[in-house]
Amino acid sequence: GAGATVIDGGGLDRVLHILGDEHPELLLYGVTVTGGQALTASTLLGGGALIEVLSTLRLDHCAGSGNAANQGGGVMAYPGGEVDIRDSSLTGNSAVYVVGPEQGAAIMLMAFASLSLRSSTVSGNSLSGYGVAVRGETASLTIVNSTIADNSSGGVSSWNGETTIVNSTITGHQAWGLQFSSNDGS
């Protein structure tokens, strides 16, 4: 299970950074990712993992906990990064104010990034100010058979993106459960 193998950043830096010209893909199975911090002016994004430039992270039967960043405490993906999370949990991650808005305590997506969250749990994640547990900006969010519950502030926010939610529970947040918005006001 997720407790057998642990990758611990020890609070020194983010745990994983996936970046490359050849569309790299990393698959983790049964791993816990913890102790990542991206809280300095040069490392504000993705405490647990930062996925950039058409790279892919696949988490299967994994746990992400105890990670912190200004945006994307657990996972941050942009531009065009892909995150596929199955049978996993993201708990106890945080978005902490350093500069600008802190967003995505568990997951933050921007600039045509995509998330597939299936049969997974996102709970107990926190923000030092306003924001949400799962945030997509001009991104694609697919949430299936999953639970997003008991996170501080909001649950899921999608701005100028496509969102699909099927057979999932979104409940118990300090603010809204779902928020959708776009540039044209629709």
Side-chain angles (χ1 to χ4, degrees), residues 1-40 43-96 103-110 113-127 132-136 139-152 155-156 168-169:
T5 302
V6 177
I7 304 173
D8 190 338
L12 301 174
D13 200 347
R14 74 178 52 90
V15 179
L16 304 168
H17 189 175
I18 306 164
L19 169 67
D21 297 353
E22 303 297 319
H23 307 287
E25 181 175 323
L26 175 63
L27 167 63
L28 297 178
Y29 185 90
V31 172
T32 296
V33 176
T34 189
Q37 283 197 7
L39 298 173
T40 67
T43 63
L44 293 173
L45 309 174
L50 177 61
I51 297 87
E52 293 186 88
V53 191
L54 303 173
S55 301
T56 301
L57 173 64
R58 300 190 192 286
L59 301 175
D60 194 342
H61 289 84
C62 290
S65 64
N67 300 293
N70 187 212
Q71 295 187 357
V75 176
M76 171 73 180
Y78 81 104
E82 180 182 339
V83 180
D84 181 12
I85 301 173
R86 296 173 186 267
D87 299 302
S88 297
S89 66
L90 291 170
T91 59
N93 298 291
S94 58
V96 178
Q103 288 285 351
I107 303 167
M108 177 74 180
L109 307 164
M110 295 176 68
S114 66
L115 168 69
S116 175
L117 182 71
R118 298 179 185 274
S119 302
S120 295
T121 300
V122 176
S123 67
N125 299 286
S126 63
L127 292 105
V132 295
V134 179
R135 169 89 172 158
S140 171
L141 306 175
T142 301
I143 301 168
V144 179
N145 297 328
S146 293
T147 299
I148 300 173
D150 304 318
N151 297 288
S152 73
V156 176
S168 295
T169 301

Of all heavy-atom pairs between Val122 and Ala106, which one has the smallest distance, and what is that distance? CG1-CB, 3.5 Å

If I take atom SG from residue Cys62 and atom CD1 from residue Ile7, how far apart are they, to the nearest 0.5 angstrom? 8.5 Å

Distance col, row Ser119:OG vs Asn145:CG, nearest 0.5 angstrom, shows 4.5 Å

All heavy atoms of Ala105 vs all of Ser126, minimum pair found to be CB-O, 3.3 Å

Looking at Ile143, Ile107, Asp60, which one forms a side-chain contact (heavy atoms from CB on, under 4.5 Å) with Ile85? Ile107

Of the non-hydrogen atoms in Gly20 and Ser55, which two are nearest, and what is the gap between them? N-OG, 3.7 Å

Between Gln71 and Met76, which heavy-atom pair has the shortest distance, and what is it? O-CB, 4.1 Å

Can any side-chain N or O of Thr32 pair as donor or acceptor with the backbone N or O of Val6 at less than 3.5 Å? no

How many angstroms lie between atom CD of Glu22 and atom CG of Leu54, to the nearest 0.5 angstrom? 11.0 Å

What residue among Val134, Val75, Thr142 forms side-chain contact (heavy atoms from CB on, under 4.5 Å) with Leu115? Val134

Which pairs count as side chain to side chain donor-acceptor pair (under 3.5 Å) when at least one residue sits in residues 6-15, sequence neighbours excluded? none

How long is the gap from CG on Leu59 to OG on Ser116, to the nearest 0.5 Å? 11.5 Å

Of the non-hydrogen atoms in Ala69 and Gly46, which two are nearest, and what is the gap between them? CB-N, 3.7 Å

Looking at OG of Ser88 and NE2 of His61, how far apart are the two atoms once the value is rounded to the nearest 0.5 Å? 7.5 Å

Please list, chain by chain and in numerical order, all residues satisfying side chain to side chain contact (heavy atoms under 4.5 Å, CB included) with Ala139, sequence neighbours excluded. Leu109

For Thr34, what residues pass the side-chain hydrogen bond (donor to acceptor under 3.5 Å, both in side chains) criterion, not counting sequence neighbours? none

Going by side chain to side chain contact (heavy atoms under 4.5 Å, CB included), name the residues that satisfy it together with Asn93, two or more places apart in sequence or in a different chain. Asn67, Leu90, Asn125

What is the minimum heavy-atom distance between Leu127 and Gly104, and which atoms define it? CD2-N, 4.4 Å

With sequence neighbours left out, what residues match Glu82 under side chain to side chain contact (heavy atoms under 4.5 Å, CB included)? Thr56, Arg58, Ser114

Can you measure from CG (Leu50) to NE2 (His17) and round to the nearest 0.5 angstrom? 4.0 Å

Are the side chain of Ser168 and the backbone N or O of Thr147 linked by a donor-acceptor pair below 3.5 Å? no

Kindly write out the residues that satisfy side chain to side chain contact (heavy atoms under 4.5 Å, CB included) with Leu26, not counting sequence neighbours, or none if the list is empty. Leu16, Ile18, Leu28, Leu57

